[in-house]
Structure formats: structure tokens, C-alpha cells
Amino acid sequence: MTTVGILGGGQLARMMALAGAPLGLRFLVLDTVADACAGQFAPMVVGDYTDRDVLAEFASRIDVATFDFENVPAESAQWLTARVPVFPNPRALAVAQDRLAEKTLFRELGIPVPPFAAIDTREELQAAVADIGTPCIVKTRRLGYDGKGQFRIKTPADIDAAWAALGAQAAKVGLILEGFVAFQRELSVVAVRGRGGEFRAWPLTENWHVEGVLSASLAPATTTDAMRDTALEHARALAESLDYVGVFALELFCRDGVLLANEMAPRVHNSGHWTIEGSETSQFQNHLRAVTGLPLGDTRMVGTACMLNWIGAMPAAAGVLREAGGHWHDYGKQPRDGRKVGHATLRAESPAELADALARVGDALDRQAQVAPVVSRLREG
Ligand code: AMP
């Protein structure tokens, strides 16, 4: 009997536990709060990620450790490696936690990135804005997510406001300035690498964000074969250089047919939720297969799929459940502004059928604006 320890008890851990049950896996979840939603399906240890007593108890009850949350302190992950296997490894976690280290690695691997510069002072910000040009974006190097900890500089006159908003973070978590990419599309590659180095990727996904938070994902993204191959080569190069084990996502901007890397997520990813019903093997199951040393499953798609995120509060389920290819995921969380509380996946045999189903769901749930960009992408072919 293998027990997988998961640091972080959110919806990703919850979906991992659900995916691991048929494999006979047991789980133990570590989270700072007792009502973390994965706790509805797995026993928990409640405590701080840096508390050595908590970590020691956690380690003593598991066979392998993994993450649902990338901001677990890398030192805690390192400490755990002396006691149990930890996947992905702490170096991969540390690189992915730091936008500067991440972009530097992308560049070393020949993965195109927007121009960027490390910022520690207001003078450096001023000089970097002059160098990179406007528009550009200041981001915190660490602990930013879903568009938080970012400030867009449209003209040099915005530098004061940007420093007022984020300057205090420079000493705490560091800042990075990036050129603004006027992309036509956002894509992601979700991929998995096994303990023996086997590598697989799901078809490319196109993503739409609202206020920095993922709103909808469509798979497969319509791209040329060459673009898909390039994206997969980037993901493979990244996984191999980090000796990565498990699932990860590489987020890409597509501008005039060129892919630029934005960031990697060292974990199962929101843009891969469609794989639960839309693929032969879900990202959650393949992550567990990878970290427990089982053979990886096939990542081929079953039809075409769209995932819609529910943010803040759950809509009524009936409009989705009525659809032949409609699947509902309620994370069992309390409603709260900006919080990811659930998602739906719609699956269909063809893009035309998926567009029709999405349009019906948009009307039934009064989410026309959320489905509209996906429907038009599907209809334009
Ligand atoms: P991130 O937290 O880096 O994933 O950024 C959240 C969202 O902000 C992205 O999904 C993009 O929509 C947008 N964004 C981030 N960085 C850039 C950039 N350099 N150029 C244009 N848009 C960006």
C-alpha cells in the first residue's frame, strides 16, 4: 500500500486523491487550514509548511511526497528529501518559484522569452523601462499568481505608480520587468515525465483569462504541426534539464506564429483539467503514476474538450449535466470573490458539436461572455 503525501490541500490535491483511488493509492494531505477541500477525501495533517515537527510527522506517514501548491518553501522540500522521495525535486520547485530563475533557464535552453530584467531599486526600474521600452509589466519574482503582484507600465509616466504599488516588494520577494507581449493567443503545454525519464504531453491547450485568472481552456488548440512540435520540444527540454518527475505546465504566448514562454507551473495545472474526461489518461492520474514509478498512461484525446472555470460561486449544474458530454466538478469550497470553486468540462466528437453545446451552456447558465471566445474560435475552425 503506497501513501502519497501532498503538500497543499486545495482542489488539485482533491482531484489527485480522486484520480489515485482506482490505483489503490492512499493519501495524506498537509495544509495550513483544517477545512482545505482535499480533506474531504483524504486524511490531513494541519500545520505550517516550515514547522519541522509537522513535516516530520507528515514524512513518517508517507512513501512519497508531491505538491498541489508551488509556493511551499524550497527548504522544506529539501528537508523532506532526506526522509522520503520528493517529486518534483526541490531544484525544479525552486526554479519555478522564481520568475527570474525560470526565464533565465528558458533562455539558456533556447526557449524564446520576452525581454526581461531583474529589478531591485527604483533606478533599476527606470533604466530597465528605458531599455525594454513600453508597454511592459513589473511582476514580483516570487509568490505572484493569477495576475496578482503585477503592474502594467503603459508609458514611462507610470513608473512612479508602479514603484508605489510594488516597490516595497523589491526587498522581500524581488521584482522583474518584462516586455509586454501583444499576443494573439495564450497556449499551454501540459506534460509529464516519469521516474525513468519517459516523457509525454497532452495536445496543446488554448486558454482565455479574465483579470489574470483562467476562465476557459480549449483542447486541442488549433495550431500548425510545426508550432505544436516546437512547444513540445520546449517542454521536453525543460523537463530534462530539471530532471523533472511528474506533471507540469508550460504557459506560452503566441505572437505572429512565434511562441514565447511566460512561466512554468511545477504541478498539475488548471489548463489540464479537461484531461479528466477529454483524454485517455488524466493529468492527475499520470502525475501519480509518475511519482509512484508506474508506467505512464496514454495522453491522446478522446474527442474535443472545453473547460470552464467557476470563480467566486458555483452556477446551477443542470445546464451542464443535461449535455451528453457535460461533466461537473464542485470543489466543495465556500464561495468567495476571486476563488476557484469548481469547473465544468464539455466534451464532443467534433468542434461544431462542442460549439453548439457551449452556446447552450452559456445561455442556460447566463455565461454567454465566458463561452463566447471559445465558440468563435471553434466556429472559425
Ligand atoms: P502570469 O501570472 O505571469 O501568468 O500572468 C497572468 C496573465 O497576465 C497572463 O496569463 C497574461 O494574460 C498576462 N501577462 C503576463 N505577462 C505578460 C506579458 N509579458 N505580456 C503580455 N501579457 C502578460
Side-chain angles (χ1 to χ4, degrees), residues 10 12 69-71 93 95-107 111-119 125 128-129 131-155 158-159 162 165-166 169 173-190 204-219 221 231 234-235 238 248-273 307-309 311 338-340 343 369-370 373-374 377:
L12 302 179
F69 171 64
E70 70 256 48
N71 288 320
L93 196 66
V95 168
Q97 282 174 354
D98 180 352
R99 292 183 190 274
L100 183 65
E102 182 177 73
K103 288 222 158 55
T104 305
L105 177 64
F106 292 161
R107 196 153 63 186
I111 304 173
V113 284
F116 65 91
I119 306 293
L125 177 62
V129 172
D131 191 30
I132 288 175
T134 53
C136 50
I137 307 189
V138 197
K139 298 180 181 177
T140 54
R141 273 173 62 176
R142 296 169 185 281
L143 302 176
Y145 67 99
D146 286 347
K148 293 180 180 63
Q150 301 192 4
F151 194 98
R152 294 195 184 188
I153 299 181
K154 296 192 188 76
T155 73
D158 296 333
I159 291 175
L166 291 176
Q169 299 298 318
V173 288
L175 298 176
I176 182 172
L177 183 75
E178 295 177 14
F180 184 83
V181 182
F183 56 80
Q184 287 91 23
R185 296 200 284 161
E186 293 194 72
L187 303 171
S188 58
V189 193
V190 178
L204 248 58
T205 302
E206 178 165 3
N207 302 307
W208 287 267
H209 293 83
V210 174
E211 291 168 12
V213 183
L214 186 67
S215 168
S217 292
L218 171 66
H234 292 340
L238 187 59
F248 66 100
L250 176 61
E251 297 180 16
L252 301 158
F253 298 134
C254 178
R255 183 182 60 193
D256 305 328
V258 176
L259 297 174
L260 297 165
N262 178 33
E263 63 177 350
M264 80 170 289
R267 52 172 168 75
V268 286
H269 192 250
N270 199 166
S271 72
H273 288 1
M307 187 236 37
L308 300 169
N309 253 356
I311 313 285
R339 191 178 209 196
K340 292 176 178 172
H343 76 267
Q370 188 173 4
V374 190
R377 177 73 77 233

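Both ligands and their constituent atoms are indexed starting at 1 by order of listing.
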**Report entry** Glu251, Glu186, His209: member with heavy atom nearest to atom 12 (O) of ligand 1
**Finding:** Glu186
Query raised in the report: Nearest non-hydrogen atom to atom 7 (C) of ligand 1 belongs to which of Gly212, Pro135, Ala182?
Result: Gly212
Query raised in the report: For residues Asn270 and Lys340, is any side-chain donor paired with an opposing acceptor at under 3.5 Å?
Result: yes
Query raised in the report: At under 4.0 Å between heavy atoms, which part of Asn207 makes contact with ligand 1: side chain, backbone, both or neither?
Result: neither
Report summary line: Given the options Ile153, Asp158, Asp131, Cys136 meets side-chain contact (heavy atoms from CB on, under 4.5 Å) only with Ile153
Requested in this report: Using a 4.0 Å heavy-atom cut-off, say whether Arg152 meets ligand 1 through its side chain, its backbone, both or neither.
Outcome: side chain
**Report entry** Exercise: do Ser215 and Asn309 side chains pair donor with acceptor under 3.5 Å
**Finding:** no
**Report entry** Contacting atoms of ligand 1, where contact means under 4.0 angstrom from a heavy atom of Glu178
**Finding:** 16 (N), 19 (N)
Query raised in the report: Under 4.5 Å between any side-chain heavy atoms of Arg185 and Leu259, yes or no?
Result: no
Report task. Could you tell me whether the side chain of Leu308 reaches within less than 4.5 Å of the side chain of His343, counting heavy atoms only? Result -> no
Requested in this report: State whether the shortest distance between N or O atoms of Val181 and N or O atoms of ligand 1 falls below 3.5 angstrom.
Outcome: yes
Report task. Decide whether Gln184 and Asp256 meet the rule of one side-chain donor and one side-chain acceptor closer than 3.5 Å. Result -> yes
Query raised in the report: How about Asn262 and Glu178: do any of their side-chain heavy atoms sit closer than 4.5 Å?
Result: yes
Report summary line: Among Lys139, Glu263, Gln150, the residue with a heavy atom nearest to atom 8 (O) of ligand 1 is Gln150
Query raised in the report: Backbone or side chain, does any N or O of Phe183 fall under 3.5 Å from an N or O of ligand 1?
Result: no
Query raised in the report: Hey, which atoms in ligand 1 end up nearer than 4.0 Å to a heavy atom of Asn262?
Result: 1 (P), 3 (O), 4 (O), 16 (N)
Query raised in the report: Which residue from Ala265, Gly179, Pro115, Gly149 reaches closest to atom 19 (N) of ligand 1 through any of its heavy atoms?
Result: Gly179
